[in-house]
Amino acid sequence: MEGGVAYEQGLNLKATELTLGLPGTGETEGQGGVRNNNKRPMPTSETNEEESQALKAQIVGWPPIRSYRKNSLQEKKDSEGEASGMYVKVSMDGAPYLRKIDLKVYRGYPELLKALEAMFKFAAGVYSEREGYKGSEYVPTYEDKDGDWMLVGDVPWDMFMSSCKRLRIMKGSEARGLGCGV
Amino acid sequence: MDLTPKQSIPAAESTRFPDEVLERVLTLLKSPKDRNAVSLVCKDWYTADSWSRRHVFIGNCYSVSPEIVARRFPRIRSVTLKGKPRFSDFNLVPDNWGADVHSWLLVFASGSPFLEELRLKRMRVTDGSLEFLALNFPNFRALSLLSCDGFSTSGLATVATHCKNLIELDIQENGIEDLSGEWLSCFPDNFSTLEVLNFSNLITDVNTEVLERLVSRCRSLKVLKLNRSSSLDCLHRLLTSAPQLTELGVGSFSQELTPQQHAELKHAFGFCKNLTVLSGFWDATALNLSAVYPACSGLSFLNLSYTALQSQELASLLPHCPCLRRLWVLDSVGDRGLEAVGANCPSLEEIRVFPTDPFDEDMLHTVTESGIVAVSQGCPKLHYILYFCRQMTNAAVATVVRNCPDFTHFRLCIMNPGQPDHTTNQPMDEAFGAVVKTCKKLKRLSISGLLTDLTFKYIGEYAKNLEALSVAFAGSSDLGMQYVMEGCSKLKKLEIRDCPFGNAALLSGLERYESMRSLWMSACNVTVDGCKALARQMPRLNVEVMKEEGSDDCKADKVYVYRTVAGPRRDAPPSVLTFSSL
């Protein structure tokens, strides 16, 4: 059984990166007649996320949502942001009781997996996008907002943080079904 | 029916109807279009219609003057007035643009003080106007303000205080200055005529005891829409005292309830056997949502667009609503949620999917082409769709209209401007081509995504019943707009923003504008000279240009053109230039 996880080499971060900008930006332009006469430049992948959100928001009146609707959703967003900690339950097949961890404490998948391995005394195997976790009968999974069970590591960390409802470390044959050939 | 012209023969030999009979017959015609047609038959019928008309709908307050309306319809009881261009909802129209209702009220007070109902949309209404209304129209009974601005809750207070016969107070989505909930306490203690009360978009708290007493007094109350700050305890008591409600807007649905409270609330919902419309639900939790199930069996319209439901929550709720015809949701429900719609709502006629985070690119909180296809597969009666999404394909749209060919309203908003089909990288021309070719009854269309002139060619060629078209970030040349102006003979409203249409395009519509309500063009290539040319050639159009700060003198940043019998308006602010043929 391999100790530790060869993580950063296996994870293909580029493929799952959220790039900012129109599809086709960076390739030849000139398709169709999109006019940009009075708008700010479209964000590119160099623009950081906050800046690009501000850029997008500067196209006046777009998307066409009425102010009362924008305001009522904005209120909800503001109040959500204030909540501290993002605690999710963690279960492991065969373990007598569950644990709880604060996702906000970790900066990325390597740290999270290290912590889980330490907490439950297991090793997760090598992650690759194509084959999931190889080399271990333990597979870290999580339940997302839609109620689906997903493999930990497939989506960018930020997306994982906002969609993860709870974690489950699967073991044995069930794990093999999820971990391979997905 | 053969109407012989008036002759100077004794009445006994005349085949004319007595005026009273004709007027009585005409009163039975409800549709404004029918009444308008009737009034054109002959002078007698025109006169009879004028005296017997009780309701008038004015789609553009500047198309006619209040004096003309009052002169023609001296016994008017109910007026519906619409003011600002629709794009004012998205902050594209300056605040002081106009559409003030006060001049209308002054004229009506002197000519038709028997006014009973006033429904305003996108008008400017001050507290002074509300007070004037409350004090000068003794029979006044119904006030509906939608997307209006300029007033505060103090204005509502004067209406509540003085309108003794009020049956409807409907305050929606307005730019209201919300000072306090005191206005509700201004209804007199013996006041009991209310049938419609909607204060759902007000933020300040109202006194719950006052509200509960009011509701229990008003035995005819049918429509009650609470605001967000109304608690579930209050709701429970209201339901118990008003089980006759047909339309209910609940407040926030996030309060934590004990099992006992939950059971009681569910029980109270069970009393409401007549509910057809449910809305509100700010921040609903899944558990609380289950309390409404007993009231859902007859539900025809469910508005969940203020709460970010997840797919599972929607999937659990929908089986309880077998009669659902209209559904509004946020895109948080995802494609999975929309699959549940397709699976559970066979009678669905209208669906609107709004974005939870319009400015957030996070792909999680969104729906895709799969969602809209899933709805169309399960809901063949669908005829109205409003869909905000971040990706779409031509094939999906073609599938949707193949499944549901009866669309009358097709409004698709791909939120990234100029975005192509995400699987083929082609423009979305074929998508809208499929819509107009298949949906012969299409009356309203909103297009988006990467679009060339071909889309407009399709629209001009096939959308023969189109009345309203909304265009943004689309087209390649003047030809685009020309296709539409030439082909869409029933067009009434055209709104265009950020398209490469210039003066040639603007002038191509010369023959069309007088049969349309209005044209809006902003951030296009139209110049002031082009607008002047239009105004010169068409004396019965008002051509207005809104100038933005710092723009070139020759540019017509925002253009608003509309037909009118009232001449150029005199209340335009300095930033609005009005051109006439003079």
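Naming convention: chains lettered A, B, ... in sequence-line order (proteins, then strands); numbering from 1 in each chain.
Residues satisfying the side chain to side chain contact (heavy atoms under 4.5 Å, CB included) criterion with B:Asn91, sequence neighbours excluded, are A:Ser67, A:Lys70. Residues passing the side chain to side chain contact (heavy atoms under 4.5 Å, CB included) test with A:Lys89 are A:Leu98, A:Lys100, A:Arg166, sequence neighbours excluded.
For the pair B:Phe90/A:Pro63, no side-chain contact is recorded, criterion being any heavy-atom separation below 4.5 Å from C-beta on. By the 4.5 Å heavy-atom criterion applied to side chains, B:Phe87 and A:Val60 are not counted as neighbours. Side-chain contact check for B:Pro417 versus A:Ile59: some heavy-atom pair is nearer than 4.5 Å.
Across A:Trp62 and B:Ile414, no two heavy atoms sit closer than the pair CZ2-O, 4.0 Å.
Annotation: B:Lys547, atom NZ; neighbour count of heavy atoms from other residues, nucleotides and ligands within 6.0 Å is above 12. Annotation: B:Asp95, atom CG; neighbour count of heavy atoms from other residues, nucleotides and ligands within 6.0 Å does not exceed 12.
Only the side chain of B:Asn201 comes within contact range of chain A, judged by heavy atoms closer than 4.5 Å. Using a 4.5 Å cut-off between heavy atoms, B:Gln312 makes no contact with chain A at all.
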After noting the C-alpha distance and the side-chain angles of A:Asp146 and B:Arg336, does the key distance pass the salt bridge (Lys or Arg N to Asp or Glu O under 4.0 Å) rule?
CA-CA 8 Å; A:Asp146 286 333; B:Arg336 294 275 300 278; 5.1 Å; no
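With B:Phe354 as the aromatic partner, A:Arg69 meets the cation-pi criteria of under 6.0 angstrom to the ring centre and within 45 degrees of the ring axis.
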